[in-house]
Structures are given as structure tokens and as C-alpha cells.
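Heavy-atom basis, side chains included; hydrogens, waters and symmetry copies ignored. Computed from a predicted structure; not experimentally measured.
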Amino acid sequence: MTTSGSDVTVEHVVRRVAARHRGERGALLPVLHAVQAELGHVPQEAIPVLADEFNLSRADVHGVVTFYHDFRREPAGRTTVRICRAEACQALGANSLVGYAREAGLTLGETTADGAVTVEQVFCLGNCALGPAVEVNGRLHGRVSPAGLGAILNGTVSS
């Protein structure tokens, strides 16, 4: 598989990133983060290459990718919404944001069929004093109400 818009293969990207971390102890996680930063996700084709690079089984690498919620196995939507579900945000109404997202047809952990929106739950955005917190395309929003989430989504998705 080649990455979108170029003739660089997933294998090439993974091996280049792994080479930058060669010799580091516990390098699998930093390499996975770097691969995802470059490709937008950790594609299935990367698993055997990573296993080879780190002398691990494919099952070991797959287990790490699927265990940590930060790693995507499919490309994210054009808009990524991360709703904080940690205790402080829960106490301040995060469940109502999740309910709003579900009513809008957005499923946690999935991307809409048209590739417009990916909704994820996280367990702390570090904005506890201004909960419930939401991160949209890397921009943090605090004290978000369901109506506020709708306005953020409408403004982000439609632009």
C-alpha cells in the first residue's frame, strides 16, 4: 500500500521511523505515535513491519495497537471530536455531551460514513476546572453544553 498522494509505502514510513528510534528502550510506543502522526493512523500493513523491526510477534504489536485508545487503525474523519469522560467532566455534564453526539448519529470511537467526523472519548484533557471539556481538531473547549457542542460541530464540519 502507498500513502495517499505519494509513492511512499507504509513499509518505508515504518522502517524510517523505526530507524530513528533504533537502540532506544521501549521504542514501540514512540514509533507507533510517529507512524500515526505521519500516516494519520496505524494501518494493518504496518503490524508485520513493526514486528520485524522490534523482533516481536505480530500478535504482540497488534495487542499494543488495540490496547491503547490513542491509536487509530483507520483514518480519522476530517473533524476529530474528543469528549472528556474523566470524573471532573462527568460531574459537570459530560454524559449530556455523549448523549447529544449519539442523538446526532455520532458513535463514540467511530467515523461517520462520509468521513466527516470521528468522535472519541478520552479520560482527561487536563481542563478539569472548565469541564465538561471537548477537543475539536486539537483545539480545546471548556464548559461545553450540548448546544455548544452542536455549534462547534456545525461551525467546524460545515467550513
- Quick one: pull up CG in N95 and CD1 in I83 and give me the separation to the nearest 0.5 Å. 10.0 Å

- Message: If I compare all heavy atoms of A34 with all of R20, which pair ends up nearest, and what's the gap?
- Response: CB-NH2, 4.2 Å

- Message: Is any side-chain heavy atom of E135 closer than 4.5 Å to one of T80?
- Response: no

- Query: How far apart are the closest heavy atoms of G93 and S96, and which atoms are they?
  - Reply: O-OG, 2.6 Å

- Of all heavy-atom pairs between A18 and V31, which one has the smallest distance, and what is that distance? CA-CG2, 4.0 Å

- Task: Decide if atom CZ of R139 counts as having more than 12 heavy atoms of other residues, nucleotides or ligands within a radius under 6.0 Å.
- Result: no

- Note on the structure: All heavy atoms of L108 vs all of Q121, minimum pair found to be CD1-OE1, 3.9 Å

- Message: For a quick test of reading the model, state the closest non-hydrogen atom pair linking C89 to P132 and the distance between them.
- Response: SG-CA, 3.7 Å

- Treat each ILVMFWY residue as a node, draw an edge where side-chain heavy atoms are under 4.5 Å apart, and state whether L125 and V117 are in one component. no

- Run the side chain to side chain contact (heavy atoms under 4.5 Å, CB included) check on E74 and E110 step by step: do they pass? CA-CA 9 Å; E74 300 293 329; E110 295 187 11; over 6 Å; no

- Find out whether L39 and V10 are in side-chain contact, i.e. whether some heavy atom of one side chain is under 4.5 Å from a heavy atom of the other. yes

- Query: If we only count heavy atoms from C-beta on, is the E53 to R15 side-chain gap below 4.5 Å?
  - Reply: yes

- Message: Are there over 12 heavy-atom neighbours, none belonging to E87, within less than 6.0 Å of that residue's CD?
- Response: no

- Query: Do other residues, nucleotides or ligands put more than 12 heavy atoms under 6.0 Å from the CZ atom of R58?
  - Reply: no

- Task: Would you kindly confirm whether F67 and V35 end up in one hydrophobic cluster when ILVMFWY residues are joined by side chain heavy atoms under 4.5 Å apart?
- Result: yes

- Message: In the structure I gave you, are the side-chain heavy atoms of V81 and L149 within less than 4.5 Å of one another anywhere?
- Response: yes

- Item | Same apolar cluster (I L V M F W Y, side chains within < 4.5 Å links), V8/V49 | yes

- Kindly work out whether a path of hydrophobic side-chain contacts (I/L/V/M/F/W/Y, heavy atoms less than 4.5 Å apart) joins L56 to V64. yes

- Item | Proximity of F71 and H41 rings by center, below 6.0 Å | no

- Tell me, do L32 and Y68 make a side-chain contact under 4.5 Å, heavy atoms counted? no

- Message: Do D70 and H33 have side chains that approach each other closer than 4.5 Å (heavy atoms only, starting at C-beta)?
- Response: yes

- How many angstroms lie between CG in L153 and CG in L106, if you round to the nearest 0.5 Å? 6.5 Å

- Item | Residues H21, L28; criterion side chain to side chain contact (heavy atoms under 4.5 Å, CB included); working and verdict | CA-CA 9 Å; H21 294 274; L28 181 58; over 6 Å; no

- Message: Could you check whether any side-chain heavy atom of V14 comes within less than 4.5 Å of a side-chain heavy atom of E11, counting everything from C-beta outward?
- Response: no

- Message: Pairing donors with acceptors under 3.5 angstrom, does anything connect the side chains of N137 and R78?
- Response: no

- Message: Can you confirm whether R85 sits close enough to V98 that some side-chain heavy atom of one is under 4.5 Å from a side-chain heavy atom of the other?
- Response: yes

- Task: To the nearest 0.5 angstrom, please state how far the CD atom of Q90 sits from the SG atom of C84.
- Result: 8.0 Å

- Item | From R22 atom CZ to F54 atom CZ, the distance as rounded to the nearest 0.5 Å | 7.5 Å

- Between atom OG1 of T66 and atom CZ of R73, what is the distance when rounded to the nearest 0.5 Å? 6.0 Å

- Query: Per the side chain to side chain contact (heavy atoms under 4.5 Å, CB included) rule, which among D60, V61, N55 passes with S57?
  - Reply: D60

